[in-house]
Each structure stands twice: as structure tokens, then as C-alpha cells.
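Here the structure comes first, spelled out in C-alpha cells, and everything after it is commentary.
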Amino acid sequence: MNKIYASCAEAIADVFDGATIMFGGWGPTGDPENLIRELVAKGTRNITAIASDPGNDRDGIIYGCHPLVKEKRIRKFIGSYHSWNQEFIKQFKAGELEFEVCSQGIFVERIRHGGNGLFGFYTDVGAETLLAEKKEKKVIEGKPCVFETPLKADFAFIKAFVADRWGNLQYRYTGQNFNPTMATAAKVVIAEVENIVGVGALNPNEIHTPGIYVDRIVKGGCYAPRF
Amino acid sequence: MNKIYASCAEAIADVFDGATIMFGGWGPTGDPENLIRELVAKGTRNITAIASDPGNDRDGIIYGCHPLVKEKRIRKFIGSYHSWNQEFIKQFKAGELEFEVCSQGIFVERIRHGGNGLFGFYTDVGAETLLAEKKEKKVIEGKPCVFETPLKADFAFIKAFVADRWGNLQYRYTGQNFNPTMATAAKVVIAEVENIVGVGALNPNEIHTPGIYVDRIVKGGCYAPRF
Amino acid sequence: MRQDSKRPLTENEMCKRVAMEVKDGYCVNLGAGMPFPVANYISRDIWSMVHIEHGVLGVGTVATDAQKDRDLMGLGRRPLSLIPGAACFSSVEAFTMLRGGHIDLSVLGTFEVSEKGDIANWLLPGDCPIIGGAMDITGHAKRLIAMLTHTTKKGKPKVLKECLLPVTARGVVNMIVTDLAVMDVTPAGLVLTETAPGYTPEEIQALTEATFTVSGDLKEIPFA
Amino acid sequence: MRQDSKRPLTENEMCKRVAMEVKDGYCVNLGAGMPFPVANYISRDIWSMVHIEHGVLGVGTVATDAQKDRDLMGLGRRPLSLIPGAACFSSVEAFTMLRGGHIDLSVLGTFEVSEKGDIANWLLPGDCPIIGGAMDITGHAKRLIAMLTHTTKKGKPKVLKECLLPVTARGVVNMIVTDLAVMDVTPAGLVLTETAPGYTPEEIQALTEATFTVSGDLKEIPFA
């Protein structure tokens, strides 16, 4: 029972071309930056990425999925907005990148349903928009609703502040965001963390992601300043 | 902006006959026992109770909704099992009490959908059982599924270990159970707690129920031994 | 009224005006763009909590250099501070608050708004879509304020009879705050309640496609 | 084989046998009734975590008097202890683990089980229903063991061709552990792999309505 990997390269060794991967983080907070850099180095292509947004490169500060976008490794992106990533927008407009856009709360709820063994839900969110056109519709409690399907992935790359050796995770502040939900919804969950502590070091009442969801743990090598 | 009530009686003063009330707790842990005792004293009748189970009186140790069951204040019970409460079973068999039974995970998910502004979901849980008979059915991903509807309430009675004065709550161990979910799904949420601390005393990363959900806070007068 | 006092509101002034709508005990969701600085103008005499979808209830303001934390940021790498009583949580929880109707007031920037309270803020034709959490918010906050400049840079009205752009949701806006006017959206249509300094209702009507009635109580936006 | 060594397993012995199915790294959900004592027999040489729907992953065993805590209890006011690495959480999270397929092995008590792996454990006709979390578990744990006495007190078989009682779910049981036998549920039907001390396959077949084949590897339940 050892979940600790010595390097990001070992932790992602079996990620294959064409994989569907969830990436935690929202913009510059809580993103698994070391795993993403290693995925670029590995050369994985044709990725279906599930992430809030594609990240960006602003003033030389690079975050989120941007390194993958820049190298055109992503074929399809499921998320909630473009985060003003000009490279992403360019590829989208050129038809090089498919973008399935969801309102962010529905995006995370679809992931939750994926991780939960549920089979989809009705919501009034977006029911009066162009996004509803291809969705199954139903009026419930007098409201027009659309049917939303679960999201799952082959891998989830997540970032936490601290892990114990069995994989219990804690996040800090806005670093939580999509990470705990994605941790439930992928076949293989790889957590990069800033600190690893012994089993028993964390208070059972203060664990955000129980270790059951986490398959691999790796200590991130570099957390660059974000300001 | 004062959510602190001096007594349970004041905190539940506007609970009306025929109200739908969620009760946190599972069996003898995390149940709002002071609020329940006060509701018995108030005489409220014809309650639709939403709770994991009806509690019990075993070896003189009374817990959960049992005091309400005993006084026949509950007309309809939505929950997951009878917890071997003989009085509950007797009333059910006599047709005096309606019992809408759900598998416990679906029970809490229905509450979650109620508190979440969603409009219902499909699940394979129970789809091959007698419970599915009156439910809308659909085959999804090759699995027979049933449609489950959200649960909401007029009031939620919940129990936490500590509250700050704005209503941020923390639970201990198995005391969490249904409480944080019910806190999202009722018009008026009344939290009984063992301790009240000042605003700022709790770590923002360790709050289980943010204060936005909590309308009233009252310090429980008596936590009787449960062993 | 002196000619030289006639001017549209700045974005900060619009935020100041919106902040006056925040009442004691409110939980207020602020959109990440134009609305965010509203946080700076909420009265310190009341208890209120600012919510952002990033997973914070109880945002203070932009963090000082000494406070900056890479795990506490809003949109556009904006470093944040917290107020006492703040809670941090997952996106699931952030949207339970929003979609569950637990937010008292939400403020969204928008491209267009209609006299029926429709809002269009996610798609410019031919462009890449940008939703964020907006669709979850519309129709679920107890009260929704739309913030926008009254016209495009080319002077075309953005307060319309019907939105020209694809809508985000219909019939959801309660109040409109622009650089020229404050309007209520009522079942009977738009009601102009306040004007920017020096503007007459007629001048505002000329820049508004939708027809509005003028409140008997019309005044200049108070603090401007 | 001596006649006096012929006897059914006690409930604790059944739990001991089930505990042998727990492998290193497993997260195991234990039903609150008959299966709960399995926790006491899991090998200390492996890493495993016991999950209960009450919101604990990492249950130790029944708490000693000195450890008893009114906020840490399982079914029937059973005081619990935790092992290092345990986490406590809400019911929503407890069922995300179960329904999401994150549990390696789940053990449920039941009234009846069929040769196809159907399980019936929630409703006795005319009685008040009792589900708990059982329906969420069936069909979602990676592996499901059904525990039951081989016959009713009156000697009627409970391992059946078809369940007579209303089913909880169909085709979900992987292994059956009774006081007389251990069987695998396979696509080809039931396979008897182990017997209680002194019982022959023929004696067990006589007490079983379903027909089973006998494993080439048949043995007595090892530790009994």
C-alpha cells in the first residue's frame, strides 16, 4: 500500500494519447502545475481536458492548462469559459479545438454526478439559452429544465496543500475549487501536493478529500510565485 | 444581524402544525435533541418529518425523533429505515403514520438536490425494486434507472458541536451525517449547538456548514449521556 | 443645473451606487469583472458577506502586498483578503449557495439587458463563449442587479426591448445600474429612478431602446 | 471425519471467514448488523480501511469505556474507535464513496440470496420496510459478499433459485458466506468452494434450493 511516487514523470507514466483528463484548479489557484508541465514534457496528445478554464500566460506568469493549450495537445475542452486565453480563443476560432461550454455550477455538478454513480439531472440553468438546443427538455415545477449528463475521466490531476501517506488531502482557501470533486470522478486520481505527512497527522474532522479517492501522490517540485 | 436565540422555545416559536421539518442526526448521534424536546412541549402536530430514522428509546436512552413518534405528532415520515422503533412500527402497521422509504444515499441526495436548486436526478438505485413502481423510468448507459425528486422543508432542525455567532458550524466525527445537507434545504434552519464562539474564532478552511445557511442558533441545554 | 456637472458615472461610482443596495445581513455575490469593486464600498456599519464562486464567503478586499497568498485569489490573479467569519469551500458548495437561492443579492456585468429583465452576457456571435457561473446565478439569487455602460462605445443602446445577443436567462434582472441611470425592472416595465448628474430623463430615453416610465421620486444618483 | 466435529459456523466465525477476503489496500464497507464484527478479524499485516455509512472511513473497533464518545457511534449506539488515517464526513460523502464505486468490498446481511446473485434484504411482507444504505451499495461496490444463515430457524432454505421476498437488486452478489458454506456466484451459477466442518456437499445441497456445482478445490472453511 504505497501511493507515494518519487516524481511527476513516474506518477503520469501511463497517461496515454487520447486520454480524458480532469485538471483541478481555477485559473492560478489550486492547479496541478508540476503534473501539467510533466505532461507537456511527456508529449501526450489528443487530450480531452475537463477543467474550469484553460489558464493563461499573463505577464510571464503561466498557469492552468495553458502549457498544454500552447503546444496544441488538447483536442476537446470541457469547461466554463476561455479565461481570455488568446491562444485558446485562436484555436477555437480556427476549429482546431472543440469547446463544450457549461455554466460553472453545472460543470462541477456534472463531475459530482460522475463521481457519485448517478445518471444525470435536470436543471433550469441555461434552459432558455442556445446551449439547451441539443439537450433533452422537460418542464418541472412549472420551470423549463434541461437534462445534464455526468462527466467522468480516465485521469484526474489535482493539487492539494498537504497529503498524508494514505492520501487524505487538505486544501487552503481558494485552492480547493474543483479539486475535491474531480478526485471522485476519474479512474486514476493523481494528487500533487506541497507537503506529505505521516498517517495520523491530520485531524479526521478536517480532511477535505478522504484518501480512498486518491491513487497516487507526488510532491510538487516547484511552486512558482503567482504575483 | 443577530442569529443567537436565548432558548429553544424562542427558536422554534413559529413552527406551525402541519409543517415539514428535517431533523439531522442518525440514531443517537448528531440529533438536535433539545429542539426536539421543545417541539414536543410546544404541542406541534401533523408533522411531515424528514429524517434518516425515527430514533428510539432503548434502555431508557431516548434519541432522535422518538419523543415525537411516541406522542403521535408525526403524520408522514420520509426516511430510510425504522431503526427497530416498536412504536413507529406499530403506528405504521396501524396505518396511522405514512412512511416514504428511500435508500439512505438517495434520501440524502434528494435533500442535496433540494438545497441546490436542482430539479431531480436519475439513479439505478432501487430501479429493480417495488419502490420503482410509481417512479418515472428510463434506461441510461444500458442501466434501468428511476427519477428521484428533490426534498425541501419548512424548517430544518440540526445539531453541531460549535457555531460562531454568524452561524459557521463544525461537527465532530459521526455527528456530521445529514446535518450539513439539511442545512441547505429548508426555509428556516435552526441549529442547536454545544458551544458558541466569536466570529473569527474558526479557521475558514475547517468550516463544515458556512453561516449563510443558518438562520437561528441556540445553545442546547442538556446533552444526556448516550451510553 | 450647471452644464459642467453633467457627466456619466465612472465604474467605481457605479459600484458605489450598487453597494447602497446591500442591506444588513446580506450575502452578496459579486461578478468577477465590473462588479467586483462593489466590495470596497459596502457600508462598514452593516454586517454583510461577499461571496465569490472561487469558494469564499467573506471576501474582504484586494490583499495588500504583505497579505498576498497564492492560495487566495479571485479572477485575473487578484489577491484577496478575508474578513473574520469567512469560510472557504469547494465549487460544489459555492454553487449550492448560488443555485439554492441562499444569496440575497447578486451583481453581474452584462452585454445587454431587456425591459423584461432578460440578460445576455455569455456569447458574442462568432466569438468564443464565456459563461463562468453566470447562468447558475441568473434566476437563483433572491435579487439580481445588472451593471453595464448605457451604450456601446459607438453609442448604440444596450438597454433594449429585446436582447439582440443570445440570452443567458429571461426575466431575471431586478435592477439596472448603468453609467447614466438606475432603473427598476417591474412587471409594468422599466422605471427610471435615478439619473447621472445633469442628465434629463429625455436625454436618457434617447440613449435607451426600451421605453421606461419615470419614477415620481426621480433624483440624481445620490453620492455622485 | 468425526461426527462430533460437524457443526455450523458461529456468527463470529462467519465474520472471520469474510475477513480473509480483505486484501491489502482495500476499503471495505461493513453492514451494520451481522457483518460489523468482520472489522475485528481483518489481518493486522495489511493496510485496509473500514467504511461505514455513518460517515467514517477508518473504523477501528468497538470503543473501550475510556474511549467512548457520544459523537462517534455506529448502529445500535455502538461506540467506535478510529484508526490513524481515518476521516469523518457527511452522509453525502459516505454515499459518494459507495455509489461511486470507490469501495473495494462490501458485506451485507440479507434475508435471501439467489443463484443469479439477486439479494433480498429490505422488505418482509406486511412488515415495515428497512433499507438503510443497502440499495445504494448493491451494484456499486466492486465486490459484494452476502452473509446469512443457510436456512431459516424453521429449516427453510435461504439460498434460492429465485428470491421469494422483494429484491433489493439483481445480479449483484459475488460471494455467499453462510454458517454452512462459502459459494462463489459465477455466470455459470453457484460454485461451492468451502464447507462448514463435517458437512458434505450433499448435505449442504439438501439445505439449498438452488443447485450448485462443487469446486474441484473444495475444502473445509480453513480456520474453523
Side-chain angles (χ1 to χ4, degrees), chain A residues 26-30 52-53 56 58-59 61 63 79-85 88-93 97 99 101-109 111-112 123-131 143-144 161 171-182 194 208-209 223-227, chain C residues 32-33 52-56 59 63 65 68-82 86-100 118-123 125-140 165-172:
Chain A
W26 181 349
T29 309
S52 157
D53 64 87
N56 215 335
R58 283 205 193 173
D59 319 320
I61 291 176
Y63 55 87
S80 73
Y81 72 115
H82 54 52
S83 63
W84 297 272
N85 182 322
F88 181 90
I89 293 171
K90 197 178 85 187
Q91 290 177 29
F92 171 79
K93 288 191 178 175
L97 183 146
F99 182 22
V101 68
C102 316
S103 192
Q104 200 171 63
I106 298 308
F107 169 79
V108 70
E109 193 65 27
I111 298 168
R112 217 191 72 85
T123 176
D124 60 343
V125 172
E128 295 164 315
T129 71
L130 293 177
L131 290 181
K143 286 248 190 187
F161 182 65
Y171 310 93
R172 289 179 73 246
Y173 306 112
T174 51
Q176 192 167 164
N177 59 67
F178 304 90
N179 285 299
T181 315
M182 289 177 174
E194 297 189 40
H208 295 122
T209 291
Y223 292 98
R226 288 285 164 91
F227 303 106
Chain C
I52 59 171
E53 292 103 292
H54 292 74
V56 184
V59 173
D65 276 351
K68 279 180 182 175
D69 186 322
R70 74 198 303 290
D71 280 334
L72 185 48
M73 272 191 261
L75 210 71
R77 301 205 333 259
R78 184 191 281 131
L80 300 177
S81 68
L82 300 179
C88 297
F89 35 80
S90 70
S91 301
V92 166
E93 192 73 57
F95 283 96
T96 298
M97 294 178 190
L98 281 168
R99 224 174 25 235
D118 301 351
I119 184 167
N121 70 353
W122 74 283
L123 188 59
D127 246 354
C128 190
I130 175 159
I131 306 181
M135 276 183 201
D136 283 277
I137 293 168
T138 53
H140 294 100
L165 295 169
V167 298
T168 308
R170 297 197 182 277
V172 293

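Side chains are part of it too, since the values below use all heavy atoms of this structure and drop only hydrogens, waters and symmetry mates. Note that this is a predicted model, so its numbers are computed, not measured.
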Winner by heavy-atom pair count (cut-off under 4.5 Å) against chain C, out of A:H208, A:Q176, A:K143: A:Q176
Residues A:S103 and C:D136: side-chain donor-acceptor under 3.5 angstrom: yes
Pairs of heavy atoms under 4.5 Å with chain C: top-ranked of A:T174, A:V101, A:D124: A:T174
Engaged part of C:T168 at the chain A interface, taking heavy atoms whose separation is under 4.5 Å: backbone
A:N56/A:S83 under side-chain hydrogen bond (donor to acceptor under 3.5 Å, both in side chains): CA gap, chis, key distance, verdict: CA-CA 7 Å; A:N56 215 335; A:S83 63; 4.9 Å; no
Which atoms of A:F178 approach chain C - backbone, side chain, both or neither, heavy atom under 4.5 Å: both
A:D59/C:R77 ion pair, N-O < 4.0 Å: yes
Residue part contacting chain C, namely of A:R112, when any heavy atom lies under 4.5 Å: side chain
Among A:Y223, A:Y173, A:Y171, residue most engaged with chain C (heavy-atom pairs, under 4.5 Å): A:Y173
Proximity breakdown for C:I137 and chain A, heavy-atom pairs closer than 4.5 Å: neither
Which atoms of A:E194 approach chain C - backbone, side chain, both or neither, heavy atom under 4.5 Å: side chain
Chain A contact via C:D69 - side chain, backbone, both or neither, heavy atoms under 4.5 Å: both
Residue part contacting chain A, namely of C:R170, when any heavy atom lies under 4.5 Å: both
Test item: side-chain donor near acceptor, A:S52 and A:Q104, under 3.5 Å: yes
Single hit among C:V59, C:L75, C:L80 for side-chain contact (heavy atoms from CB on, under 4.5 Å) with C:H54: C:L75
Side chain, backbone, both or neither of C:L98 within contact of chain A (heavy atoms, under 4.5 Å): neither
For chain C, the option from A:T181, A:I111, A:V108 that forms the most heavy-atom pairs under 4.5 Å: A:V108
Contacting moiety of A:P180, where chain C heavy atoms sit under 4.5 Å: side chain
